[in-house]
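Data first, discussion second: the structure below is written as structure tokens.
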Amino acid sequence: MTKEDCKQVVLDIIADIAPDEDLTNVKPEVRLRDQLQLDSMDFLDIVMELRKRHGIEVPEAEYQQLASLDSCAEYLTPKFNALAAKS
Amino acid sequence: MNTRSHYDVAIIGAGMSGLAAGIRLAHFGKKVCIFERHNAVGGLNSFYSLEGRKFDVGLHALTNFVRKGVKGTPLTKLLRQLRIDRDEFALCEQKQSRVAFGPAGETSLRFTNDFAVFESEVARQFPTQIDGFRRLVERIKTYDDVSLEIAPISARSVVRGCLNDPLLEDMLFCPVMYYGSAQEHDMEFGQFVIMFKALFLEGFARPLQGVRVILRVLLEKYRQAGGERRMKCGVRKIIGRAGRADAIVLDTGEEIQATHVISSIGAPETERLVGVPPAGTELAAGRLTFVETISILNQQPAALGWGSDTIVFFNDSPRFDYACPTAPVDLRSGVICIPNNFDYGPNQALPEGIFRVTCLARYDRWAALPDDVYHNEKSRWYADVQRSARRFLPALSDGTLSSATVATDMFTPRTITKFTGHIGGAIYGAPVKHRQGRTPLENVYLCGTDQGFLGIIGAMLSGISMANYHILQKS
């Protein structure tokens with residue numbers, strides 16, 4: 001999986017959690033919270049959808065790694081690839 | 001272990017909060033079952049059929065309504081958390097509501113889903129109070145009302161710090177208390193904030209078909225997520241051992257094991273499932289309960305001159321007294337709801353007129369009556385409640401109203417206990433709330449009315465918050 005694929009995975013999750021948000025111009029380097037109306041309940045859902053759909057675990061201490069699309073890609077891409085290598 | 005009856009989570013009660021908790025948990029893969037003593041879902045907000053007509057109970061209006069595009073409010077949080085598209089609720093907005101005080105409603109504050117209307121009414125009727133009112137609204141807007149860890153303060157004292165006209169103070173408390181206070185005379189400020197936002201800063205709406213539309217959506221989400229539900233299947237006991245719930249026992253005697261138990265039935269009611277607490281230590285049950293009269297009319301209320309008001313909160317006395325009365329019913333104040341007066345859009349209307357009136361009542365004056373006396377008392381109070389409420393609506397002759405009335409019904413505190421199990425018919429549960437939903441048993445949590453988020457949106461958010469906080473965040 002590339003970092004771009006990973007960003008798309010996260011965007012797909014956000015689209016389902018918050019269908020009332022416009023995701024067409026999300027800037028990857030800017031914190032998601034600063035450009036979208038996402039609260040702590042929504043971030044919990046991103047974490048839980050990652051686990052439910054992709055088997056990816058994000059421990060609570062590492063939630064801040066999901067701040068922006070870029071940081072999501074940095075943090076999650078290796079996890080996706082490690083999981084793919086195992087299966 | 002009998003695997004058939006082991007659940008990750010057992011939820012007691014299929015009201016709004018239990019269903020919402022169930023949807024969250026089932027969506028994230030928990031094995032969940034909701035146990036409901038009745039054959040209908042909804043709890044306090046339900047519906048029934050009588051002689052071919054469908055009646056709503058509980059819901060006058062869905063509070064917390066905001067228009068599409070407004071974010072960060074309870075309604076939008078709820079829709080996101082439950083993956084509901086707002087069009088599924090098919091909400092139609094109120095026309096206007098009023099708070100009417102004085103023997104014939106001489107002082108009246110109109111409000112709509114546009115807060116500026118209410119603010120201008122306050123400015124017009126209470127010019128000396130408007131600056132204080134704006135300060136109060138600012139404080140309300142910035143208050144963290146969903147914090148699970150905030151210290152309780154008196155709402156009366158906060159409001160008096162901003163306003164010094166007791167009439168306006170009471171006119172603000174009347175709707176807020178009637179739509180959610182389990183406490184007499186005063187409220188915890190956080191609860192006041194939740195209700196003030198829900199009623200005035202947000203607003204009222206209703207699906208044309210009433211509360212069943214909302215329940216149908218919740219049931220369908222729950223089913224799709226894989227949740228199980230057992231109806232006519234109450235829980236009669238929680239077996240505790242070493243500070244944890246070991247199992248729950250159903251009315252049938254069957255034992256069910258669950259890793260977690262979420263109870264939506266109330267704090268004192270849950271306590272009684274665990275065992276008889278030592279005398280003097282039991283949690284206090286609430287004392288606030290209502291009667292409601294329902295009149296079905298053979299025409300639209302607008303044809304009788306009652307076409308403008310959706311909800312009217314009324315009080316005829318110098319002060320508004322929100323307390324358990326000594327009489328069976330307190331006729332001095334109440335709430336009128338005319339469900340026809342939502343804006344359902346062109347070519348959409350309820351088939352008949354509906355006129356509902358709610359008043360404070362006293363449980364023990366209804367509970368002990370023999371059946372025949374109970375029915376006579378209902379007819380007597382029905383007439384008195386209607387007469388009291390009509391003082392606050394455009395005049396209509398007795399003859400005109402009675403010839404338009406094709407059916408009537410009335411619920412009493414006794415009905416509430418029968419259908420919700422709330423001790424003493426306590427409509428909003430116990431006066432002390434448990435924000436974190438904790439109970440003496442570490443794997444039993446409260447949601448719904450005694451957790452303390454109010455209104456039907458609040459009830460659903462309560463189920464969501466408790467499922468998130470105690471179960472989903474920790475697994």
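For clarity, every value in this text was computed on a predicted model and none was experimentally measured.
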Q. Considering all heavy atoms of both residues, which atom of L38(A) and which atom of R80(B) are nearest to each other, and what is their separation?
A. CD2-NH1, 3.8 Å

Q.
Is R86(B) close to chain A through its backbone or its side chain, or both, or neither, when contacts mean heavy atoms under 4.5 Å?
A. neither

Q) Just how far is it from atom CD of Q37(A) to atom NZ of K77(B), taken to the nearest 0.5 Å? A) 9.0 Å

Q.
Quick check for you: to the nearest 0.5 Å, what is the distance between N468(B) atom CG and M41(A) atom CE?
A. 5.5 Å

Q | Ionic contact status for R83(B) with D45(A), cut-off 4.0 Å | A | yes

Q.
Tell me whether the count of non-hydrogen atoms from other residues, nucleotides or ligands lying under 6.0 Å of NZ in K27(A) goes above 12.
A. no

Q.
So, taking the atom named OG1 in T76(B) and the one named CD in E21(A), what distance separates them when rounded to the nearest 0.5 Å?
A. 10.0 Å

Q) Does the side chain of R51(A) come within less than 4.5 Å of F28(B)'s, by heavy atoms? A) no

Q. Ion pair present between E60(A) and K474(B), side-chain N to carboxylate O less than 4.0 angstrom?
A. no

Q.
What part of I464(B) gets within 4.5 angstrom of chain A, counting heavy atoms only: side chain, backbone, both, or neither?
A. side chain

Q: Name the region of I17(A), side chain, backbone, both or neither, that has any atom closer than 4.5 Å to a heavy atom of chain B.
A: both

